[in-house]
Amino acid sequence: MRIATWNCNSIRSRVDRAVAFLERHDVDVLTLQETKCRDEQFPLLPFEAAGYEVAHVGHNQWNGVAVVSRVGLQDVQVGFEGMPTWGDGEAAATEARAISAVAGGVRVWSLYVPNGRSLDDPHLLYKLDWLAALREAGTGWLAADPQAEIALMGDWNIAPTDEDVWSVEHYLGRTHTSDAERAAFSAVVDAGYSDVVRPHAPGPGTYTYWDYTQLAFPKRRGMRIDFCLASPALAGRVGGAFIDREERKGKGASDHAPVVVDLTDV
DNA sequence: ATGGTCGCTATGCGA
């Protein structure tokens, strides 16, 4: 089975690329982030015509996450236990940043971790709280079933090591590389979820995101911020992985490239 | 070749 994750940066503007990606790489399950649409706006038909089912949550033009599968889509869950809200008082809102389903026997999560914006922004605390809650929930899932096959896939908005950014200096004083963010990411790893792509896509210079501005992509100025973190049982099934850098090329590309993981049959 | 932001019921904001 082949599973993948992609921050598509609007599914309505990139549905053709998404379906072409699924077919080009014979992907069974795809998680999407930043669909940027409400549920009723999601372009279901092209996916269904290609043989896929879709579970999506989106409340407005921001965020939005989905699981796309041709190997079943059972027990859809929107959000996770303890997931923080954004905003104060009556404005506090549950954002569309997490959805999951069981596909092909694997509990697949599509996660869009809050950006953080800047180191002195309340959004950074939201990001850290969000990751701490995910760590807590993820710890519980493995405590309940140590053999569970769980994939935490998506845009984590964190570059875990210096090797995961094109310039350490460039990101000093900015989000994505701070000690606090890296600690929050490491805590999820320490809870039992390992980066199963890195062994198959070594660095340096291996990225999943390139800013639209300043010719970042042709200048190879990127970051590795999209990950598949796998539970121990699932990690044992990973036979290969790659980043589809080709998808970042050309007119109409997302600013993120898809990440693909191959699972051996059980 | 991959090319000096993009996408959103927007005209500023979030990324």
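The nearest whole Å value for the distance from the CG atom in A:N63 to the P atom in B:dA15 is 7 Å. In this structure, A:E34 places its CD atom 13 Å from P of B:dG14, rounding to the nearest Å. Atom P of nucleotide B:dA15 and atom CG of A:N60 are separated by 11 Å, given to the nearest angstrom. For the pair A:D226 CG and B:dA15 P, the computed distance is 15 Å after rounding to whole Å. Nucleotide B:dT2 holds its P atom 13 Å from the CD atom of A:E247, rounded to whole Å. What separates CZ of A:R17 from P of B:dT2 is a distance of 11 Å, to the nearest Å. If you measure from atom CH2 of A:W86 to atom P of B:dC13, you get 15 Å, rounded to the nearest angstrom.
At a threshold of 4.0 angstrom between heavy atoms, the contacts of A:Y209 with the nucleic acid are absent.
If you check the side chains of A:T35 and A:Q33, you find no donor sitting under 3.5 Å from an acceptor. Using modelled atom types and a 3.5 Å distance limit, the side chains of A:T94 and A:T85 yield no donor-acceptor pair.
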I'd like to compare against my own output: the B/S/- annotation of nucleotides 4-9 of chain B with a strict under-4.0 Å heavy-atom distance to protein.
SBSBSB
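Every residue two or more places apart in sequence or in another chain that forms a side chain to side chain donor-acceptor pair (under 3.5 Å) with A:S100 is listed here: A:R107.
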Assess the residue pair A:W109 and A:W141 against the criterion (side chain to side chain contact (heavy atoms under 4.5 Å, CB included)); give the C-alpha distance rounded to whole Å, side-chain angles, the decisive distance to 0.1 Å, and a yes or no.
CA-CA 12 Å; A:W109 280 93; A:W141 301 330; 3.5 Å; yes
Report the C-alpha separation of A:W130 and A:F80 in whole Å, then their side-chain angles, then the decisive distance to 0.1 Å, and conclude whether the ring pair (Phe, Tyr, Trp, His ring centres under 6.0 Å) test is met.
CA-CA 10 Å; A:W130 202 94; A:F80 52 84; 5.1 Å; yes
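With both ends at atom C1', the span from B:dT9 to B:dC13 equals 15 Å, rounded to whole Å. Annotation: B:dA10 and B:dG4 have their C1' atoms spaced 24 Å apart (nearest Å).
Within the cation-pi definition used here (under 6.0 Å to the ring centroid, within 45° of the axis), A:R224 does not qualify as a partner of A:Y207.
Between A:E246 and A:R24 there is no salt bridge, since no side-chain nitrogen of the basic residue lies less than 4.0 Å from a carboxylate oxygen of the acidic one. With salt bridges taken as basic N to acidic carboxylate O contacts below 4.0 Å, none links A:E181 and A:R174.
For A:R117, a side-chain nitrogen or oxygen approaches OP1 or OP2 of B:dA15 to under 4.0 Å.
The structure places CG of A:L125 at 11.0 Å from NE2 of A:H123, a figure rounded to the nearest 0.5 Å.
A heavy-atom distance below 4.0 Å to DNA chain B is reached by none of the residues of residues 172-182 of chain A.
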